[in-house]
Number of protein chains: 2
Amino acid sequence: MHGEMAPGQALTLRGIGKEFGVSMTPAREAVRRLAAEGALFLSTSGRVSTPELTNDRIEELAALRALLEVELASRALPRAHIALIDRLQSINMTVAEMVTKRDAVGYIRSNLEFHRTLYLRAQAPAMLAIAETVWLQLGPTMRALYGRLRRTEPPHYHKLIIAALKAGDEPGLRLAVRSDVTQGLRLLVS
Amino acid sequence: MHGEMAPGQALTLRGIGKEFGVSMTPAREAVRRLAAEGALFLSTSGRVSTPELTNDRIEELAALRALLEVELASRALPRAHIALIDRLQSINMTVAEMVTKRDAVGYIRSNLEFHRTLYLRAQAPAMLAIAETVWLQLGPTMRALYGRLRRTEPPHYHKLIIAALKAGDEPGLRLAVRSDVTQGLRLLVS
DNA sequence: CACGCCGTTTTGTGATCACATAGTCGGATG
DNA sequence: CATCCGACTATGTGATCACAAAACGGCGTG
């Protein structure tokens, strides 16, 4: 999810088991679960690797993010009090820090934490879970993107999101979230 | 997915294995995968059962269905030619037949086939996959609903969907799909 | 030098087992 | 008669193993 693995990276059950000090059995279960969520790709012969997404798939996942996260943000809006907004601003500082440090994994992690913190207020666990599986699918690919980007701007749309939350501006919030989610992934389609 | 199992029905790995003539290992993998998709519930002690959904969860899943399926239908619309519409009408006759036969499982199965046939045209596999995991989560609960219903009406909204497809009427299609998806599940919230 | 073939190694699959724990049923006690 | 306790059973977990198939590498051949 955080882009620690490159797209197409191969994994073996024995390797995973050794890495975490367990046998093949728990490694297999974890792999199957992640594959069920689309986070890992299982070849026809059972080989495991992170997925290499096509442009079509990336666009589709971006559309899904927009669809789900706009709804989540909208549901969170009436419950977003000042303590939450403060917390979002604090996380946003970490995001900006990661950008200046050119830390791709740290950037993705803190960026997703920003979104998750907001969406948790939506009281919609099933929806949030699905959004997270989408993040999971995009993880390796997002890393490949942000690693390529030379020029990295501070999280502009995050500020718009916070402003819309403060103002209780639902249309503005929806637009800001959609833009934030779509922006980065638009660059990804090469 | 088709409501063949009641909500809260318990399962055992050994029982599943025996039922399908395999050992515990493949049964475990299947269960873990379905649990990852939300189709099965794993208690803290690892016990397996179908989920018993709360009203809040049902409402959330209904909202998800509306969100996803409206989008899928909308994407399918420009590609919906006459052959597809014919096929939908044919499936719809099966749906009506199941209604008159009071066959809950057959109704759910053919109803979902109607939706899936339409959404396949959307060329959005990730979105369709997510919609299907939502169906999976609702399966046992839907059965409980349709089993309770005495008065069963023919699929009114399906006809609206077909009419909107024929007319190329996107707003009408979106409304019809949303209504169709929401209608049944509204009754479910007791 | 490139291509293909064959033997070796790696890897996933499914079965089985020992173990710990949770669930269950029965009996004893108040 | 209800409740609680204890033994027994059922169940999931993780490890290990044998096997088959796929991937890999080196060798020989054209």
Side-chain angles (χ1 to χ4, degrees), chain A residues 1-54 57 125-126 129-130 132-133 135-141 143-144, chain B residues 1-54 57 125-126 129-130 132-133 135-141 143-144:
Chain A
M1 184 186 286
H2 298 143
E4 284 154 35
M5 308 181 64
Q9 180 165 137
L11 296 169
T12 66
L13 298 184
R14 288 174 175 85
I16 294 167
K18 179 172 281 186
E19 183 175 346
F20 292 94
V22 295
S23 77
M24 293 171 60
T25 310
R28 247 200 315 192
E29 286 185 10
V31 160
R32 301 303 272 242
R33 172 178 168 187
L34 288 167
E37 296 180 55
L40 289 177
F41 171 75
L42 260 64
S43 83
T44 56
S45 68
R47 284 337 219 242
V48 190
S49 63
T50 55
E52 296 182 281
L53 304 182
T54 63
R57 180 57 67 113
I130 292 179
E132 290 192 325
T133 73
W135 297 350
L136 217 42
Q137 294 182 49
L138 283 168
T141 301
R143 159 61 178 276
Chain B
M1 183 185 286
H2 299 143
E4 285 153 35
M5 309 182 62
Q9 181 165 135
L11 296 168
T12 66
L13 298 184
R14 287 173 176 87
I16 295 167
K18 179 172 280 185
E19 182 176 346
F20 292 94
V22 296
S23 76
M24 292 172 59
T25 311
R28 243 192 329 182
E29 286 185 9
V31 160
R32 301 303 273 241
R33 172 178 165 186
L34 288 167
E37 297 179 51
L40 290 177
F41 170 74
L42 261 64
S43 81
T44 55
S45 68
R47 283 340 219 240
V48 190
S49 62
T50 54
E52 296 182 282
L53 304 182
T54 63
R57 180 57 69 112
I130 291 177
E132 290 192 326
T133 71
W135 297 348
L136 216 42
Q137 295 181 48
L138 283 169
T141 300
R143 158 63 176 278

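In what follows, chains carry the letters A, B, and so on, assigned in the order in which the sequence lines appear, proteins first and then strands, with residues in each chain numbered from 1. Values reported hereafter were calculated over all heavy atoms of this structure, with side chains retained and with hydrogens, waters and symmetry mates removed.
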Query - Atom-to-atom span, CG of L40(A) to C1' of dT11(C) - whole angstrom - result: 16 Å

Query raised in the report: S45(B) side chain N/O closer than 4.0 Å to the phosphate oxygens (OP1, OP2) of dG23(C)?
Result: yes

Requested in this report: Give the nucleotide from the list dG12(D), dG12(C), dG14(C) with an atom nearest to the side chain of M24(B).
Outcome: dG12(D)

Query raised in the report: Of all the choices, dT16(D), dG12(C), dG23(C), which nucleotide is nearest to the side chain of T12(A) once you look at every atom?
Result: dG12(C)

**Report entry** Separation of atom CZ in R47(A) from atom C1' in dA21(D), rounded to whole Å
**Finding:** 9 Å

**Report entry** d(CZ, R32(A); P, dG12(C)) in whole Å
**Finding:** 10 Å

Report summary line: To the nearest angstrom, the NZ-C1' distance between K18(A) and dG14(D) comes to 18 Å

Requested in this report: Round to the nearest Å and state the distance from R28(A) atom CZ to dT11(C) atom C1'.
Outcome: 11 Å

**Report entry** Carboxylate-amine/guanidinium proximity below 4.0 Å for R33(B) and E37(B)
**Finding:** yes

**Report entry** Side-chain-base donor-acceptor pair under 3.5 Å for R14(A) and dG12(C)
**Finding:** yes

Query raised in the report: Which part of the nucleic acid, if any, lies within contact of T25(B), taking any heavy atom under 4.0 Å across all strands shown: a base, the sugar-phosphate backbone alone, or nothing?
Result: base

Query raised in the report: Taking for each residue the nucleotide of DNA chain D bearing the nearest heavy atom, is the 5' side occupied by L13(B) or by V22(A)?
Result: L13(B)

Report summary line: What one should report as the nearest heavy-atom pair of G8(B) and S49(B) is O-CB, 4.0 Å

Requested in this report: Answer yes or no: is there a side-chain heavy-atom contact under 4.5 Å between R28(B) and T25(A)?
Outcome: yes

Requested in this report: Return the value, rounded to whole Å, for the distance between atom CG of L42(B) and atom P of dT11(D).
Outcome: 15 Å

Query raised in the report: Taking the side chain of P26(A) as its heavy atoms from C-beta onward, which of dT11(D), dG14(C), dG14(D) lies nearest to it?
Result: dG14(D)

Query raised in the report: Is I16(B) touching bases, backbone alone, or none of the nucleic acid, heavy atoms closer than 4.0 Å?
Result: nothing

Report task. Kindly determine whether L11(A) and M5(A) satisfy side-chain contact (heavy atoms from CB on, under 4.5 Å), including the steps that lead there. Result -> CA-CA 10 Å; L11(A) 296 169; M5(A) 308 181 64; 3.6 Å; yes

Query - S23(A) side-chain proximity, nearest of dT16(D), dG12(C), dA15(C) - result: dT16(D)

Query raised in the report: With no hydrogens and no angle check, is any side-chain donor or acceptor of T50(B) less than 3.5 Å from a backbone partner on L40(B)?
Result: no

